[in-house]
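Have a look at the structure below, then the notes.
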Protein chains: 2
Amino acid sequence: MRIGELAVRTDSDVDTIRYYEKIGILPKAARTEGNYRHYGEAYVERLRFVRHCRALDMTLDEIRLLLRFRDTPEADCAEVNALLDEHIGHVTTRIAALTELEKELRGLRRKCRRVQQARDCGILAGLATDSQAGRPRKKQHIAGTH
Amino acid sequence: MRIGELAVRTDSDVDTIRYYEKIGILPKAARTEGNYRHYGEAYVERLRFVRHCRALDMTLDEIRLLLRFRDTPEADCAEVNALLDEHIGHVTTRIAALTELEKELRGLRRKCRRVQQARDCGILAGLATDSQAGRPRKKQHIAGTH
DNA sequence: GAAAACCCTGGAGCCACTCCAGTGTCAATG
DNA sequence: CATTGACACTGGAGTGGCTCCAGGGTTTTC
């Protein structure tokens with residue numbers, strides 16, 4: 001099949017597929033005479049694996065490692081378990097941070113219940129004060145809210 | 001004060017401060033004879049406001065809007081309230097998505113309790129199957145876990 | 001007066017895509 | 001057989017919010 005069909009079948013974007021190939025997440029595709037990429041079922045499986053991992057919010061580097069294990073079935077999978085444990089830890093941490101954040105935002109929101117002049121808006125005032133709550137000091141592994 | 005002291009006092013990085021100036025979040029700083037930026041207390045306040053908003057995971061565009069309100073005290077603050085409500089909504093949504101994700105990851109982790117050959121690893125097998133759970137179809141406003 | 005600490009600019013790099021312009025290929029019509 | 005339209009190709013730029021760097025200049029301290 002060609003890249004468009006592959007994209008549909010794996011719920012990906014054609015640009016994403018080409019990108020994965022370029023950075024070596026996926027092997028170089030075979031080409032037709034007219035220089036179109038064409039793919040077989042094994043490729044579909046591999047791409048689905050990748051997309052599933054991405055849906056679980058793993059980085060491409062993590063996925064690269066998992067793919068190596070997939071490709072060497074005689075290796076032992078302790079590292080796979082470790083990777084997943086670490087990843088779960090990141091997610092858990094991020095949930096806690098966001099929950100804290102949500103609490104602070106709701107507190108802030110309560111400071112301005114009615115429409116008034118910005119001069120007197122409790123929210124703007126709240127944002128100007130030096131609250132330290134939920135202040136992530138270092139770059140967090142699990143990203144922000146945008 | 002110079003940029004280094006400002007950075008310490010606002011818990012920012014000097015590069016970040018220069019970056020904010022460049023993209024117009026902060027006004028152009030005054031310069032000394034030797035071409036060093038120098039700042040007064042109002043600038044400290046403004047930067048603290050920005051850092052506080054960032055700690056609350058707002059985008060720089062959102063912050064730009066809030067700064068405009070800060071600068072026009074006679075305007076009414078309905079938009080500030082709306083911005084915050086929307087932001088809270090994003091955070092709440094993201095928490096729900098991550099919680100779902102965590103559940104799926106823990107389920108996946110249970111599939112491989114002991115170290116074995118990758119061939120038989122339940123995690124790799126689980127990642128290869130076409131589970132749809134937690135599949136974010138569209139770009140999420142609140143970002144991922146990395 | 002020399003060394004260390006600080007500051008300057010412009011530009012590249014990060015992640016994981018996403019979008020684009022300009023061009024080429026191919027299957028189905030007129 | 002020519003045209004149209006859908007699809008594909010490449011290389012490069014853009015996203016957000018920084019972060020880091022090279023190669024220089026300035027200021028402070030000993």
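What you see below is based on every heavy atom in this structure, not just the backbone, and it leaves out hydrogens, waters and symmetry mates. Throughout, protein chains are lettered first and strands after them, A, B, ... in sequence-line order, and every chain is numbered starting at 1.
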Can you see if the side chain of [X] gets near the phosphate of [N] - specifically, an N or O under 4.0 Å from OP1 or OP2?
| X | N | answer |
| --- | --- | --- |
| A:R31 | D:dT10 | yes |
| A:Y20 | C:dC17 | yes |
| B:R18 | C:dC8 | yes |
| B:R37 | C:dC8 | yes |
| A:R64 | C:dA16 | no |

Requested in this report: Treat each ILVMFWY residue as a node, draw an edge where side-chain heavy atoms are under 4.5 Å apart, and state whether B:I3 and B:M1 are in one component.
Outcome: yes
Residues [X] and [Y]: side-chain donor-acceptor under 3.5 angstrom:
| X | Y | result |
| --- | --- | --- |
| B:S12 | B:R48 | no |
| B:R51 | B:Y20 | yes |
| A:T92 | B:R106 | yes |

When the distance from [atom1] of [X] to [atom2] of [N] is rounded to whole Å, what number comes out?
| X | N | atom1 | atom2 | result |
| --- | --- | --- | --- | --- |
| B:L60 | D:dT19 | CG | P | 12 Å |
| A:K28 | D:dT10 | NZ | P | 9 Å |
| A:H38 | C:dT25 | NE2 | P | 17 Å |
| B:D15 | D:dG16 | CG | C1' | 16 Å |
| A:E21 | D:dA8 | CD | P | 14 Å |
| B:D13 | C:dC6 | CG | P | 14 Å |
| A:E5 | C:dA27 | CD | C1' | 15 Å |
| B:K22 | D:dT19 | NZ | C1' | 12 Å |

Query raised in the report: Can the positive tip of B:R70 be found less than 6.0 Å from the middle of the six-membered ring of B:F49, inside 45° of the ring normal?
Result: yes
Query raised in the report: Checking all strands, does A:N35 fall into the base, sugar-phosphate, or nothing category for heavy-atom contacts under 4.0 angstrom?
Result: sugar-phosphate
Requested in this report: Would you kindly compare B:T16 and B:R2 by the position of their nearest DNA chain D nucleotide and give the one closer to the 5′ end?
Outcome: B:T16
Requested in this report: Could you check B:E33 against B:Y19 and say which one's nearest nucleotide on DNA chain D is further toward the 5' end?
Outcome: B:Y19
Of the candidate nucleotides [options], which contains the atom at the shortest distance from the side chain of [X]?
| X | options | value |
| --- | --- | --- |
| B:I3 | C:dC8, D:dC7, C:dC17 | C:dC8 |
| A:R54 | D:dC18, C:dA16, D:dT19 | C:dA16 |
| A:Y36 | C:dC6, D:dA8, C:dC17 | D:dA8 |

